[in-house]
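Report on the following structure.
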2 protein chains.
Amino acid sequence: MMEKLCLQNTLRILQSADQIKARLSGDFASVHGLSVNEVLLLMHLAQAPLNRLSRVELAKRMHMSASTITRMAAPLEKIGLVSRQADTRDARLAFVVLTKPGLEKEKEARATFAKQATHVFRDRWTQKDLEQLSILLHRLTADAPGDLT
Amino acid sequence: MMEKLCLQNTLRILQSADQIKARLSGDFASVHGLSVNEVLLLMHLAQAPLNRLSRVELAKRMHMSASTITRMAAPLEKIGLVSRQADTRDARLAFVVLTKPGLEKEKEARATFAKQATHVFRDRWTQKDLEQLSILLHRLTADAPGDLT
DNA sequence: CACGTTTACTTGCATGCGCAAGCATATTGC
DNA sequence: GCAATATGCTTGCGCATGCAAGTAAACGTG
């Protein structure tokens with residue numbers, strides 16, 4: 001019985017995530033010219049101390065491989081939203097650091113993110129509902145690195 | 001205030017989905033030699049009438065493009081889990097239909113899916129918690145086609 | 001200090017996916 | 001009945017991503 005509920009819940013989470021991504025994808029592309037993952041990368045940087053993270057740390061928080069971070073950072077650096085910053089102590093580290101335009105862009109993107117998020121939970125969601133869902137989901141994501149919230 | 005909650009919830013859903021996919025991906029690959037999406041495709045077919053769906057219908061339910069379905073079905077057909085079935089009325093339609101081995105495979109995969117799903121919700125989840133989460137998520141996915149549950 | 005091991009990053013290759021175009025068939029309007 | 005349009009599927013192309021291998025630098029152990 002509980003097994004069926006677990007299966008159902010995981011399926012619904014996957015389904016919801018697909019819908020949300022599809023919704024975000026449209027606005028991010030047309031309004032900011034960025035992909036969902038690029039915006040998430042900026043958001044991770046924005047909440048990090050000094051607005052910078054190493055590539056491996058970024059990879060962990062975004063659940064992606066380090067190579068993907070390398071390749072994602074390149075175009076963002078080219079358009080000036082992030083820059084590369086070496087560490088004086090450890091020459092292996094290459095931080096990805098948010099530039100001022102990048103910080104600005106992140107603020108805008110976060111705003112449209114929030115707007116779309118409220119649209120996902122249309123009218124019939126009370127604050128109590130939202131809080132309850134938040135608490136339940138938090139139990140799933142509590143142990144994950146970089147909560148972004 | 002509610003806006004922050006909405007943003008937080010969407011972020012947590014995305015995060016949860018990533019974790020779940022990562023968890024499933026490992027077992028599906030090692031135990032059954034299939035990807036997450038391939039298993040989901042089999043599950044969609046298994047719950048469809050006559051265990052068959054047209055490619056566009058499958059695409060809608062999986063939130064993917066029709067071309068992806070075409071390419072995903074090819075290897076599954078090669079290993080005998082699905083087969084192609086033309087429609088006598090409409091020569092354009094090419095159903096993807098689950099074979100007997102495919103149905104068997106789907107049962108096995110669904111079992112490991114359920115096992116991993118219960119593992120996602122470890123110990124501290126009561127049946128009431130799970131039901132509540134299920135209800136809340138259902139409000140997000142209610143209008144989507146092909147619920148799989 | 002020297003050598004092996006670990007860590008951070010990059011690059012080559014293969015895969016999965018979407019979009020746009022193409023093709024065949026069905027449906028609609030006249 | 002025929003042309004115009006719509007629908008279902010496939011294919012070519014490009015992009016994003018993971019994995020494995022390679023490189024450079026830090027660390028540990030003798």
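Here the structure is a predicted model, which means the values were calculated and not measured. Below, read A as the first sequence line, B as the second, and so on, with proteins coming before strands; counting in each chain starts at 1.
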Intermediate values then yes/no, side-chain contact (heavy atoms from CB on, under 4.5 Å), A/Ile13 and B/Val120: CA-CA 12 Å; A/Ile13 288 174; B/Val120 167; over 6 Å; no
Please give, in whole Å, the distance from [N] [atom2] to [X] [atom1]?
X       : N      : atom1 : atom2 : answer
A/Asp18 : C/dC17 : CG    : C1'   : 13 Å
B/Asp87 : D/dC9  : CG    : P     : 10 Å
B/Met62 : C/dG18 : CE    : P     : 10 Å
B/Met64 : D/dA16 : CE    : P     : 18 Å
B/Arg89 : D/dG8  : CZ    : P     : 16 Å
A/Lys21 : C/dG18 : NZ    : C1'   : 14 Å

Describe, in one word, how the ring planes of A/His32 and A/Phe28 are oriented to each other, choosing from parallel (under 30°), tilted (30 to 60°) and perpendicular (over 60°). tilted
Do nucleotides 5-12 of chain C as a string where each nucleotide becomes B, S or -: B if the base has a protein heavy atom under 4.0 Å, S if just the sugar-phosphate does, - if no protein is that close. --BSSBBB
Using modelled atom types and a 3.5 Å cut-off, is there a donor and acceptor pairing between side-chain atoms of A/Thr68 and backbone atoms of A/Met64? no
Side-chain donor-acceptor contact under 3.5 Å, B/Glu3 with A/Thr118: no
Pair B/Ser67-B/Thr70, side-chain donor/acceptor within less than 3.5 Å: no
With the side chain counted from C-beta on, respond yes when A/Gln47 and A/Leu148 share a heavy-atom pair under 4.5 Å apart, and no when they do not. yes
